[in-house]
Participant: 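I have a structure I would like to understand better, so I am pasting it below and will then ask my questions one at a time.
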Amino acid sequence: MVFPDPPTDEELTLRAQAGESGALGLLLARHQAPMRAVALSLLGYGPDAEDAMQDAFVTALRRIGDVRDPAAVGAWLRAVVRNAARMRLRAVRETPGLDGLDHLHLPDPVTCPDKAIERHAMRDWIWSAVEQLPAQLQLVLMLRHFTDITSYQQIATACGVPVGTVRSRLNQARGKLAEALLSTAEQAHDDASALTEDSRQEAVATLQASRLGRRLPQEIAELWPEEAELLGVLAEPGERSHPIPAMRQNLDKGVRQDLRHVVASRDVTIWEMDVTNPADVADPCPSTLAWLMFRKDRKVRTLRVVFPEPPR
């Protein structure tokens, strides 16, 4: 009996770029040993090496469409885990696993429209899988990989949980994400960019109305129902606080927020803001903050405003 030759790296990469989750799984399994060797060479044995491997796995999911030379995907995967490991050594404030990938010559979406379509399909597939996770797991995964709140300590502070809980939730999220990717690979996926753009418009309208002292437009006011609850440092101790009065209190002090970045699923929304304080304020706000929202049926259930500290 003649057995067919196994697919080459090039074939698997092209299939993965077209959205075939099984092909990506085969690639990661095939290159797992050399990737782990890179992590161990830089970080030694221990949880950091394993975390770097998991960060690299998520990065590969997000960026497989960026590989220009499919036959050299092994070198690309080793570069991804190397960058994830170096991130841990340097503790710089950048998205895990993406540092230093500019030299890979990403395809231009204008000159390569087919690649752009494939990347969009991959993005929608990933976000569809993310939305299969419980909201608490979505939040830590989104903070870690899609915002500037990336260190374990920052995420722990933002979520109000110990660092060990952050590690545990990230491990759970990555494992469940792999399962969800496999289960949703053949399904049609909603446009993730449309959801993000809708959320961006919601943020802009909320900020503009509050800044001008106007009532929120009806479609925006519906996002903040009476039962919405403000949590964290801006909430009144021992009382149930609604988010809108807290927004207006900051505005009355002359504090201005400008939207910088949006990350959104159906259940979790993150708005990252740049903050401008008035010149004479005695107790200025930090220069950045983030709104972390859990939602149901589009409406905000809870809002926690966090002030990320630089990673130590």
Side-chain angles (χ1 to χ4, degrees), residues 54-55 58-59 61-62 95-96 123-152 154-161 163 165-181 183-184 189-207 220 222-225 227-235 242-243 246-247 257 259-273 288-308:
Q54 292 172 343
D55 284 345
V58 176
T59 300
L61 290 172
R62 295 178 57 202
T95 305
R123 173 205 62 201
D124 296 342
W125 169 43
I126 292 169
W127 275 106
S128 178
V130 167
E131 290 184 338
Q132 306 296 312
L133 306 180
Q136 294 286 0
L137 300 188
Q138 286 188 45
L139 178 59
V140 294
L141 192 76
M142 290 163 69
L143 288 171
R144 176 69 174 166
H145 292 284
F146 299 96
T147 77
D148 285 338
I149 304 173
T150 60
S151 76
Y152 287 134
Q154 286 179 313
I155 297 171
T157 301
C159 296
V161 299
V163 169
T165 301
V166 171
R167 284 183 178 270
S168 174
R169 288 182 181 176
L170 277 170
N171 286 337
Q172 291 180 60
R174 290 158 177 155
K176 290 181 178 295
L177 179 63
E179 295 173 8
L181 283 164
S183 67
T184 61
H189 310 302
D190 293 335
D191 187 346
S193 63
L195 184 64
T196 300
E197 182 57 29
D198 287 346
S199 184
R200 182 181 300 279
Q201 294 301 322
E202 292 168 354
V204 169
T206 298
L207 291 174
I220 301 300
E222 290 176 355
L223 301 178
W224 306 96
E227 60 270 21
E229 184 176 7
L230 178 68
L231 306 174
V233 295
L234 296 185
H242 193 274
M247 295 181 206
Q257 299 180 42
L259 184 66
R260 175 164 49 86
H261 183 54
V262 173
V263 184
S265 70
R266 283 178 176 74
D267 300 321
V268 179
T269 300
I270 302 170
W271 296 344
E272 293 184 280
M273 307 284 188
T288 63
L289 60 82
W291 299 26
L292 312 183
M293 290 163 275
F294 287 121
R295 306 173 72 160
K296 184 176 182 180
D297 299 329
R298 189 170 173 264
K299 298 176 182 179
V300 176
R301 294 190 293 117
T302 63
L303 164 66
R304 183 186 295 270
V305 177
V306 300
F307 302 92

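Computed from a predicted model, the values in this text were never measured in an experiment. All residue numbers refer to positions in the sequence shown, counting from 1. Hydrogens, waters and symmetry mates are skipped; everything else that's a heavy atom, side chains included, is used.
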Participant: Of the non-hydrogen atoms in I149 and T147, which two are nearest, and what is the gap between them?
Facilitator: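 Smallest heavy-atom distance, with atoms named: N-OG1, 3.0 Å.
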Participant: Can you tell me how far CD of Q172 sits from CZ of R167, rounded to the nearest 0.5 angstrom?
Facilitator: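 Between R167 CZ and Q172 CD, I get 14.5 Å after rounding to 0.5 Å.
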Participant: Within the 4.5 Å heavy-atom criterion, are T288 and P308 side-chain neighbours or not?
Facilitator: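 With C-beta onward as the side chain, the pair touches.
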Participant: Testing the basics here: between H242 and W224, what is the closest heavy-atom pair and its distance to 0.1 Å?
Facilitator: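 Nearest heavy atoms, H242 then W224: NE2-O, 3.4 Å.
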Participant: Counting C-beta onward and ignoring hydrogens, is there a side-chain heavy-atom pair between V262 and I270 closer than 4.5 Å?
Facilitator: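 The answer is no, as the side chains (C-beta and beyond) never meet within the 4.5 Å cut-off.
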Participant: Nearest 0.5 Å, what's the CG-OG1 distance between L223 and T206?
Facilitator: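 Between atom CG of L223 and atom OG1 of T206 there are 6.0 Å.
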Participant: Sort out for me which residue in V305, L289, V306 forms a side chain to side chain contact (heavy atoms under 4.5 Å, CB included) with L234.
Facilitator: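 In the set V305, L289, V306, the residue that makes a side chain to side chain contact (heavy atoms under 4.5 Å, CB included) with L234 is V305.
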Participant: Hey, does T196 have a side-chain heavy atom less than 4.5 Å from the side chain of S199?
Facilitator: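 They are not in contact (no side-chain heavy atoms under 4.5 Å apart), so the answer is no.
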Participant: Just to verify, what does Q257 make a side-chain hydrogen bond (donor to acceptor under 3.5 Å, both in side chains) with, not counting sequence neighbours?
Facilitator: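 Expected list: W291.
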Participant: What I'd like to find out is whether the side chain of M293 reaches to under 4.5 Å of the side chain of T302, using heavy atoms alone.
Facilitator: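 No, too far: nothing below the 4.5 Å cut-off.
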Participant: What distance separates D198 CG from Q201 CD, expressed to the nearest 0.5 Å?
Facilitator: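 Here the rounded value is 8.0 Å.
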Participant: Would the distance check show the side chain of R295 and the main-chain N or O of V268 forming a donor-acceptor pair, the cut-off being under 3.5 Å?
Facilitator: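 Pair absent, no side-chain N/O of R295 close to backbone of V268.
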Participant: As an exercise, state the distance from CD of Q138 to CG of L143, rounded to the nearest 0.5 Å.
Facilitator: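 Separation between the atoms: 11.5 Å.
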Participant: Is there side-chain contact between L207 and L259, with heavy atoms separated by less than 4.5 Å?
Facilitator: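 Contact flag for L207/L259 side chains = yes.
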Participant: Measure the CG-CD distance between D267 and Q136 for me, rounded to the nearest 0.5 Å.
Facilitator: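 Interatomic distance, D267 CG to Q136 CD, rounded to 0.5 Å: 11.0 Å.
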Participant: Name all residues meeting the salt bridge (Lys or Arg N to Asp or Glu O under 4.0 Å) criterion together with E229; count only those two or more places apart in sequence or in a different chain, and write none if there are none.
Facilitator: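 Checked E229 against salt bridge (Lys or Arg N to Asp or Glu O under 4.0 Å); matches are R240.
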Participant: Salt bridge check: are K296 and E227 linked by an N-O gap of less than 4.0 Å?
Facilitator: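 E227 and K296: not salt-bridged.
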Participant: Within the side chain of Q154, is there an N or O that forms a donor-acceptor pair under 3.5 Å with the backbone of S151?
Facilitator: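 Side chain of Q154 to backbone of S151: a pair is present.
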Participant: Less than 3.5 Å apart, any donor N or O on the side chain of E131 or S265 sitting next to an acceptor on the other?
Facilitator: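 No donor-acceptor contact under 3.5 Å links the two side chains.
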Participant: Is there a side-chain contact between C159 and V140 in this structure, where contact means two heavy atoms from C-beta onward sitting under 4.5 Å apart?
Facilitator: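 Yes, close enough: below the 4.5 Å cut-off.
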Participant: Identify the heavy atoms of T150 and I155 that sit nearest to each other, and give their distance.
Facilitator: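 What the structure gives for the nearest pair is O-CD1, 3.8 Å.
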Participant: Output all residues satisfying salt bridge (Lys or Arg N to Asp or Glu O under 4.0 Å) with R301, sequence neighbours left out; order by chain, then residue number.
Facilitator: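 Here no residue qualifies.
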Participant: Both conditions, 6.0 Å and 45 degrees, for the charged tip of R304 above the ring of F294: are they met here?
Facilitator: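 No.
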Participant: Are W271 and H261 close enough that some pair of their side-chain heavy atoms sits under 4.5 Å apart?
Facilitator: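 Of all side-chain heavy-atom pairs linking H261 with W271, none is under 4.5 Å.
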Participant: State, yes or no, whether a side-chain contact exists between R260 and D148 at a heavy-atom distance under 4.5 Å.
Facilitator: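 Yes. Closest side-chain heavy atoms under 4.5 Å.
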Participant: How many angstroms lie between CG in L292 and CG in L139, if you round to the nearest 0.5 Å?
Facilitator: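 One finds 5.5 Å between CG of L292 and CG of L139.
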